[in-house]
Amino acid sequence: MLTKANSEVFPLGASVSSRTLARDPYPWYAELRSREPISWIKELGMWYVTRYEDVRAILMDDGRFTTASEKSLIFDTFGAQMLTSEGAEHDRYRRPVQPYFAAGHIRKNFEAAIETSARTLVRDFGAGEVVEMRSAFAARLPVLTILRVFGMPLEAETHFRKWYDSFEAALANFTGSGEIRHAARANVEQCHQYLAQTLREFASKGEDSLLGALVNAPADVRLSDDEIRRNLLIIFFGGISTVEAVILNSLWALLTHRSTLARVRANPALAAKVIEETLRWRSPVQSATRHVLGTTVYRGIEFAAGDTVNCMLGAANRDEALFSEPDRFDIDRPNAQRHLSFATGTHSCLGFNLAKAEARIALQVLLSEFDGLELTQDSPAPEGYEFHQPRSMYLRSVRG
Ligand code: HEM
């Protein structure tokens with residue numbers, strides 16, 4: 001039986017460093033998948049699981065692997081909500097919001113509005129001007145979209161941006177800075193106050209919107225006001241950097257694969273395939289973290305109670321056992337949609353239909369508004385082993 005104490009049997013795990021992973025995790029994932037598919041990553045003090053079947057099996061196994069943990073920075077920042085709850089509590093939180101994220105609901109209620117937001121954001125880009133797409137477009141569209149989904153005024157964007165940035169800092173606060181933690185708590189409190197006011201307004205608006213349904217739910221299933229606010233916060237938090245990343249990654253994929261770009265220009269419906277393959281090829285969220293409930297053995301390896309197991313979605317999505325020539329970006333890949341970028345199991349992404357609609361519409365709007373788009377020399381490639389995206393994207397645009 002192998003345990004994390006047998007570090008000699010995990011030589012790759014002992015040599016992987018967060019710096020090299022951050023630069024380009026994919027060569028490491030390939031090595032890990034073939035030589036140490038379950039490996040103790042010494043520097044990070046956690047297990048990495050990199051093969052598709054293992055990632056899938058662990059995410060499906062909520063009897064042994066949980067998202068609920070005192071170590072969770074998500075719990076510390078937002079309190080109890082669906083992402084750090086299991087079983088009946090998780091069900092109670094997720095069931096009432098689920099219908100509002102179904103594909104049909106998004107199509108009918110939000111696609112046109114997302115397109116309006118996207119066109120408004122690009123309206124002022126000047127011809128031939130170099131634009132930093134992350135701050136001017138990709139980071140803004142998801143915030144505007146969430147405001148629409150919540151039925152809030154778009155003018156609240158600045159507040160929500162500030163709150164989001166503070167939450168993101170708290171979730172990356174691995175050194176435990178008191179300042180970052182306290183700032184995030186103050187921002188959570190401000191955001192709760194804003195939501196409380198909006199929820200009061202929705203009390204008279206019936207049940208046919210997300211917030212209306214939550215406040216006006218029948219008494220036996222209604223969440224408390226505080227539970228509603230905590231779950232709205234995790235929905236808001238889940239839908240910002242993730243969508244920003246898939247927009248930037250898909251643009252980068254097209255601009256570095258010009259023949260595919262030409263095909264999508266000729267047939268904009270192909271944008272949906274671009275998004276699916278980009279999610280597989282450059283997964284925005286590279287890992288889903290689980291905590292071991294009780295000491296357990298999996299494929300000859302003993303996980304101790306409380307160990308952290310990182311299911312590497314980005315590595316699973318390049319597993320040659322499922323995807324042929326996995327490092328190739330290929331929108332004709334017949335099984336691209338089997339990627340695990342939205343995870344799987346009970347915590348699989350609530351907002352995946354919304355995310356795919358936003359990214360597809362973003363691409364279609366950019367391609368229809370600009371005859372030419374070029375990356376400039378200052379534009380970096382996607383990077384990162386937790387969140388994966390270009391840190392900035394400088395584009396020169398040519399209008400028709
Ligand atoms: C491309 C964009 C997105 C990606 C790659 C993504 C990825 C993920 C992943 C991997 C998980 C599972 C986490 C885990 O199991 O530990 C997740 C859960 C979740 N996501 Fe997303 N997400 C995206 C967009 C969105 C959007 C747009 C929303 C909402 C507006 C959203 C809301 C959530 C929520 C609430 C959960 C927790 C679900 C639960 O615990 O039951 N996500 N997402």
Side-chain angles (χ1 to χ4, degrees), residues 1-76 83-84 86 171-176 283-322 339-348 384-388:
M1 186 93 59
L2 305 177
T3 72
K4 62 190 176 200
N6 305 118
S7 56
E8 70 286 358
V9 296
F10 302 115
L12 261 183
S15 65
V16 169
S17 87
S18 49
R19 241 163 34 122
T20 48
L21 271 180
R23 213 172 305 133
D24 180 6
Y26 289 106
W28 285 101
Y29 292 161
E31 288 286 304
L32 286 165
R33 268 194 318 267
S34 88
R35 290 165 46 198
E36 284 169 36
I38 300 179
S39 180
W40 178 252
I41 309 294
K42 200 168 164 203
E43 184 198 314
L44 301 172
M46 59 175 68
W47 298 97
Y48 263 26
V49 178
T50 46
R51 283 190 186 160
Y52 187 94
E53 274 316 319
D54 293 330
V55 166
R56 202 172 159 280
I58 291 176
L59 290 175
M60 298 298 284
D61 189 348
D62 51 9
R64 290 195 286 172
F65 302 95
T66 179
T67 58
S69 161
E70 283 171 13
K71 288 195 231 167
S72 161
L73 289 170
I74 296 185
F75 181 80
D76 186 61
L83 186 52
T84 50
E86 298 290 357
L171 296 193
N173 184 15
F174 304 115
T175 56
S283 321
V285 177
Q286 293 271 305
S287 62
T289 305
R290 293 296 179 269
H291 307 278
V292 179
L293 274 168
T295 298
T296 189
V297 175
Y298 181 84
R299 290 206 199 275
I301 292 189
E302 185 182 285
F303 295 133
D307 277 0
T308 300
V309 178
N310 238 14
C311 296
M312 304 310 291
L313 309 172
N317 287 342
R318 299 261 188 130
D319 190 338
E320 37 290 275
L322 190 72
H339 65 74
L340 291 174
S341 291
F342 295 116
T344 187
T346 48
H347 293 284
S348 67
Y385 66 102
E386 283 172 352
F387 295 101
H388 190 80

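Hydrogens, waters and symmetry mates play no part in the numbers below; they use all other heavy atoms, side chains included. Source: prediction; values computed, not measured.
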Taking the side chain as every heavy atom from C-beta outward, state whether [X] and [Y] have any pair of such atoms under 4.5 Å apart.
| X | Y | answer |
| --- | --- | --- |
| W28 | L12 | yes |
| V285 | F387 | yes |
| L73 | F174 | yes |
| S283 | R318 | no |
| E70 | F75 | no |
| F303 | R290 | no |
| Y385 | V16 | no |

Practice task
Begin with the C-alpha distance, continue with both residues' side-chain angles, and end with the deciding distance and a verdict on side chain to side chain contact (heavy atoms under 4.5 Å, CB included) for Y29 and Q286.
Solution key: CA-CA 11 Å; Y29 292 161; Q286 293 271 305; 2.6 Å; yes

Could you give the distance from [atom1] ([X]) to [atom2] ([Y]), rounded to the nearest 0.5 Å?
| X | Y | atom1 | atom2 | value |
| --- | --- | --- | --- | --- |
| S341 | H388 | OG | NE2 | 10.5 Å |
| H339 | Y52 | NE2 | OH | 9.0 Å |
| T50 | E31 | OG1 | CD | 10.5 Å |
| H291 | M46 | NE2 | CE | 8.5 Å |
| E386 | L44 | CD | CG | 8.0 Å |

Is a side-chain donor or acceptor of [X] paired with a backbone partner of [Y] at a separation under 3.5 angstrom?
| X | Y | result |
| --- | --- | --- |
| T67 | L83 | yes |
| E86 | D62 | no |
| K42 | F10 | no |
| R51 | R33 | yes |
| E43 | S18 | yes |
| N317 | G314 | no |
| S287 | T289 | no |

- Evaluate side chain to side chain contact (heavy atoms under 4.5 Å, CB included) for L21 paired with Y48, printing each intermediate quantity in order. CA-CA 12 Å; L21 271 180; Y48 263 26; 3.6 Å; yes

Quick note, side chain to side chain donor-acceptor pair (under 3.5 Å) partners involving residues 295-305, not counting sequence neighbours, are D54-Y298, D54-R299, R64-T296

Donor + acceptor pair across side chains of S69, S72 (<3.5 Å): no

When every non-hydrogen atom of G294 is compared with those of A305, the smallest separation belongs to CA-CB, 3.9 Å

Scanning both residues in full, the closest heavy-atom pair of V55 with V49 reads CG2-O, 3.4 Å

The side-chain contact (heavy atoms from CB on, under 4.5 Å) partner of F65 among I58, D307, L293, L59 is I58

A quick test of your reading: do over 12 heavy atoms of other residues, nucleotides or ligands sit less than 6.0 Å from CD of E8? yes

When you look at OH of Y26, are more than 12 heavy atoms from neighbouring residues, nucleotides or ligands closer to it than 6.0 Å?
yes

